[in-house]
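In listed order, ligands and their atoms are each counted from 1.
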Amino acid sequence: MTATAEPKEIRLSDYAPFPYAYDEVTLDFALDGEYATVTAMSVITPIEGRDRTRGLVLNGKMPFFELLGARVNGETLPADRYSIEADGDDTLMIIKDTPDVRFELEITTKFKPQDNTELSGLYKSSGTFCTQCEAEGFRSITFYPDRPDVMSVFTTKITADKAKYPVLLSNGNLIDSGDAANGAHFATWKDPWRKPCYLFALVAGDLAVVEDTFTTMSGREVALKIYAQAKNIDRCDFAMASLKRAMKWDEDRFGLEYDLDLFNIVAVDDFNMGAMENKSLNIFNSRLVLASEESATDATFERIEGVIGHEYFHNYTGNRVTCRDWFQLSLKEGLTVFRDHEFTSDLHSRAVKRIADVRYLRAAQFAEDASPLAHPVRPEAYQKIDNFYTLTVYEKGSELIRMYSTLLGKDGFRKGMDLYFQRHDGQAVTTEDFFQAMSDANSTNIEKLKRWYSQAGTPALNAEGTYDAVTKTYALTLTQTLPQTNDVKGAADKKLPQLIPVAVGLLGEDGKDMVLDGDIKCEGDAEATLDETKTTAVCRLTEFKQTFTFTNITSKPVPSVLRGFSAPVKLTMTPELTTDELLFLLANDSDEFNRWEAAQKIATSILIRLCKKHNDDKALKIEDVDVTSDPSWAIYSAACCLIVKDATANRLDRAWVEEALNFPGPSQLIQDLAPGVNPVNTYRVCKAFARAFAKESRVELEAALATCDAEAAGLAYDVDGPQVSRRALRGYAIRMLGSIGGDDVSSSIASAYSSAKNMTDTVSALTGLCGHDDSSAAKKKAFDDFLNKWKDDNNVSCTWLRMVASDAGKGGANAIDEMKRLMASDVYDAKNPNKFYSLIGGFAGGNIEGFHAADGSGYEFVADVLLQTDAINPQASSRMASPFTKWRLYDENRQNLMKAQLERLLAQKLSPNLFEIISKAIKG
Ligand code: B3K
Ligand code: ZN
């Protein structure tokens with residue numbers, strides 16, 4: 001195999017508007033047994049004043065499709081009027097000398113959807129035709145300007161066998177349908193809203209449907225339909241209820257009303273990502289639609305609600321106002337993630353949602369920001385846009401939107417959103433346009449917030465507090481440091497200070513928030529604003545270093561800085577808060593996020609000390625980690641034990657407790673300790689830490705479990721708040737107890753498995769059984785039972801695959817042999833992304849001892865699988881390459897082993913997707 005040629009880079013600075021308007025598009029899909037034949041008729045108007053010297057440049061994909069013909073104004077286009085050129089892995093059709101006035105272009109293509117394993121464009125999943133066009137899938141269907149700033153009105157006719165494909169769907173309204181020759185039938189759909197082709201969708205299949213209606217705020221009735229395979233249709237009710245909640249919430253919170261009379265969701269099993277917001281025809285990965293008590297955990301239920309909301313919210317943030325180009329992706333994604341986070345927060349516990357989101361941001365996005373793949377929220381260049389659907393664009397992008405909201409307040413933010421829609425409805429715009437609307441709708445100066453879009457890396461923020469008893473002032477000096485990153489504008493010394501909102505509270509000796517009624521003196525153009533109760537100030541840091549002086553502070557406070565995680569930064573305090581001060585915050589802080597943070601900080605400092613002690617190349621045994629002699633251990637574990645007791649007695653929000661007591665995991669600690677980390681020893685320190693706590697608090701944990709079980713006995717299952725919190729606490733107790741190991745623990749968890757009546761309790765028990773390395777017969781029996789029950793269920797079997805992959809090699813078995821056996825088993829399907837992500841991702845992301853084995857066998861195995869998958873589905877392979885991009889974090893031996901695999905991969909012929917990730921990763 002020869003290495004891949006360096007693909008060309010697309011740059012934001014090269015953006016040029018498209019010189020033709022697509023007034024209307026009529027698509028005709030004839031789906032016979034083997035081929036899809038597509039005739040695309042476009043009505044096109046050249047745009048005055050734009051450069052048309054290159055002609056009409058259309059994107060396509062040959063030889064995936066065959067070009068059957070092209071006609072302009074009804075006349076066959078002669079061969080000398082157009083050219084077909086390679087464009088990386090894609091194809092360009094360039095039509096020269098186009099008419100100067102409005103004209104019609106008809107293009108006919110033909111291809112085999114069932115051979116489309118990339119799952120981009122039109123493909124088949126379990127016998128159903130479906131599409132995925134974002135970002136550049138439409139070019140696999142026909143030649144078209146496959147870019148988001150070309151918007152058109154689409155009419156779509158689908159013809160297919162009536163018996164095999166009774167359901168025919170596309171965007172918009174059904175305007176015609178009927179029978180056709182040879183047992184076929186047809187349906188014609190028209191979407192009145194102009195849209196880019198990435199929002200086009202088509203479905204043809206034999207599907208069952210759940211129907212409901214929603215009455216909008218202006219009294220219009222919208223028909224809601226969720227389609228799924230008949231065997232799964234009884235698991236769609238929660239998704240339907242979620243959709244109705246989302247529609248109502250968008251009206252209440254943002255005044256946004258649905259704009260058509262029909263909204264369809266289709267669940268398919270083979271899908272590269274979670275879901276897709278195609279106009280009025282959302283297509284979902286079935287794992288994010290299907291849920292019942294028996295089949296879905298509480299986490300899955302919450303995720304379904306969040307993603308149903310997310311895709312629905314795109315109807316305005318993404319569809320009605322779309323992106324000018326793909327560099328602006330966060331314009332719709334960051335904003336829509338923020339909206340879905342707010343949706344969940346308004347419906348459930350705001351504090352718990354915030355904690356979970358920050359935990360994820362830190363573990364995953366901060367790691368991306370610290371990797372060779374770091375890029376700004378609005379990247380400057382890419383090779384494959386598929387690779388930029390990243391945690392930075394989505395999660396950090398959402399944090400950026402949250403900062404607008406923190407700086408402008410809820411009402412100011414809403415005013416900005418209203419102005420954004422007023423100005424840009426129906427347009428394809430930029431993050432700059434969003435910023436301008438937010439800025440113009442408010443009087444506050446947020447100019448330096450814009451820099452978050454173009455500078456990569458997680459800022460470090462130091463807060464240095466000094467109390468002066470004589471002047472009764474508390475001076476807080478904030479300093480930001482921006483890291484070096486590998487992206488275009490990477491040089492740290494060229495980076496400019498970003499506007500950082502830092503929410504601060506000061507606690508008095510009584511544990512209560514001090515009322516901040518004195519002036520807050522700020523340096524330069526910095527400002528501080530107070531909340532209604534005058535207990536939290538948002539300090540707006542605008543330079544690298546500024547001091548905020550709180551006056552009329554009558555005693556030395558304990559500071560609570562970065563409340564609610566008001567900015568995505570890494571905070572340090574000078575002087576560092578003592579364990580006593582952190583315990584004081586844990587007990588008293590009115591900000592639930594910072595109470596959680598205080599517990600995390602104490603645990604982190606103990607874990608870091610322990611990890612440092614064992615960060616060498618010696619194989620560490622869990623028993624050899626002496627957790628309890630750490631100076632902060634006794635006081636910390638006693639505080640946590642008290643929290644378990646309070647939660648058992650229902651004196652504390654149990655869901656918060658589950659978060660508070662979830663100790664920082666290896667991915668977090670590895671980042672804190674990097675570079676030069678032995679990940680296996682870090683993992684074992686974490687296990688030892690959990691085990692030490694479980695042993696000390698065993699009585700309290702068993703009491704928590706017994707209380708939760710007793711409460712459950714009299715209740716009908718529900719996914720409401722108290723029941724979810726109870727199951728969360730119960731799951732925590734089982735996981736902790738599981739880490740103790742031994743026959744008595746295993747048999748009591750095995751009986752919890754047998755008596756579990758819902759998937760949450762079932763998964764808690766299975767996780768508990770994996771808590772200890774001993775490969776007990778009880779564990780094997782439970783896992784066999786689970787597989788036997790769910791092997792034919794494409795989604796639930798993924799839960800099994802993920803768990804066994806993260807457990808492979810435990811108890812002395814050979815992890816790679818086990819993984820190979822799993823890959824060869826009937827339950828695995830290399831072509832199905834869910835199964836691939838579960839099995840291979842479960843290993844590379846969840847099995848630290850297996851993936852990071854010191855002999856490099858885990859790296860070699862995953863690299864082999866990446867190569868196999870790359871030939872089938874490049875989006876899936878490049879996504880799964882992410883663990884390799886973090887090689888800089890680890891010890892020298894592992895760095896070399898990982899780099900050797902990256903080099904081996906790079907010497908092969910890779911897809912452009914995987915090539916971009918690997919070649920950037922290797923540069924370090
Ligand atoms: N917009 C889609 C993501 C498409 C990814 C294409 N590779 C789902 C979402 O974020 O809502
Ligand atoms: Zn999205």
Side-chain angles (χ1 to χ4, degrees), residues 90 116 118-123 130-140 146-148 171 195-201 242-243 246 250 265-268 270-289 303-323 325-344 377 379 382-398 400-401 428 431 833 837 873-882 911-914 916-917:
D90 296 341
N116 181 354
E118 297 190 10
L119 314 186
S120 168
L122 175 65
Y123 64 95
C130 62
T131 51
Q132 171 54 38
C133 292
E134 186 178 0
E136 297 180 336
F138 198 78
R139 63 185 59 183
S140 301
D146 192 1
R147 41 187 288 167
N171 317 86
K195 64 169 179 286
C197 63
Y198 84 84
L199 291 171
F200 168 79
S242 302
L243 174 61
D250 218 11
I265 290 177
V266 177
V268 299
D270 302 278
F271 207 68
N272 277 337
M273 332 81 53
M276 179 62 211
E277 70 264 23
N278 316 300
K279 184 80 188 187
S280 77
L281 178 52
N282 285 189
I283 298 182
F284 268 65
N285 188 321
S286 58
R287 76 182 164 84
L288 289 169
V289 173
R303 184 101 186 99
I304 289 174
E305 187 182 67
V307 179
I308 294 264
H310 180 100
E311 305 311 331
Y312 175 74
F313 303 144
H314 268 314
N315 190 48
Y316 278 89
T317 48
N319 301 4
R320 287 279 288 260
V321 184
T322 195
C323 301
D325 54 72
W326 290 122
F327 297 100
Q328 319 299 329
L329 183 58
S330 197
L331 172 83
K332 73 178 180 82
E333 293 305 346
L335 178 54
T336 307
V337 170
F338 171 75
R339 274 153 54 68
D340 87 56
H341 285 178
E342 283 295 291
F343 170 55
T344 304
V377 168
Y382 61 76
Q383 292 170 8
K384 285 305 278 185
I385 187 58
D386 298 327
N387 286 332
F388 283 80
Y389 285 75
T390 59
L391 293 150
T392 300
V393 166
Y394 275 66
E395 306 302 323
K396 187 176 182 181
S398 158
L400 173 43
I401 303 295
T431 53
Y837 298 147
N873 185 339
Q875 285 190 41
S877 61
S878 51
R879 188 161 141 186
M880 231 1 80
S882 158
S911 68
N913 299 55
L914 188 57
E916 179 172 29
I917 302 286

For a quick check under 3.5 Å, do [X] and [Y] share a side-chain donor-acceptor pair by atom type?
X: E134; Y: Y389; result: yes
X: N282; Y: E311; result: no
X: N272; Y: N873; result: yes

Check: By atom name, which N, O or S atom of E333 is the nearest to the Zn ion (ligand 2)?
Finding: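 Closest to the Zn ion (ligand 2) among those atoms: OE1.
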Nearest protein heavy-atom contact for [atom]: which residue, which atom, what distance?
atom: atom 8 (C) of ligand 1; value: A275 O, 2.9 Å
atom: atom 1 (N) of ligand 1; value: E134 OE1, 2.6 Å
atom: atom 7 (N) of ligand 1; value: Q875 OE1, 3.4 Å

Need the ligand 1 atom indices (1-based, order shown) with element for anything under 4.0 Å from a heavy-atom of [X].
X: H314; value: 9 (C), 10 (O), 11 (O)
X: K332; value: 1 (N)
X: E277; value: 1 (N), 2 (C), 8 (C), 9 (C), 11 (O)
X: M276; value: 1 (N), 2 (C)

A side-chain contact here means heavy atoms from C-beta on lying under 4.5 Å apart; do [X] and [Y] qualify?
X: N387; Y: N913; answer: yes
X: Q132; Y: L119; answer: no
X: T322; Y: Y198; answer: yes

Next item on the list: Closest by any non-hydrogen atom to atom 10 (O) of ligand 1: pick that one out of W326, Y198, Y394, Y389.
Entry: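 Selected option, by shortest heavy-atom distance: Y394.
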Note to self: Strictly under 2.8 Å, is the Zn ion (ligand 2) approached by any N, O or S atom of E277?
What the structure shows: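 No - counting backbone and side chain alike, E277 has no N, O or S atom under 2.8 Å.
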Note to self: With a heavy-atom distance limit of 4.0 Å, tell me whether M273 approaches ligand 1 through its side chain, its backbone, both, or neither.
What the structure shows: side chain
Item checked: C130 versus I283, closest heavy-atom pair with distance -> CB-CD1, 4.4 Å
Note to self: Is the distance from the ring center of F327 to that of F388 below 6.0 Å?
What the structure shows: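 They do not qualify: ring centres at least 6.0 Å apart.
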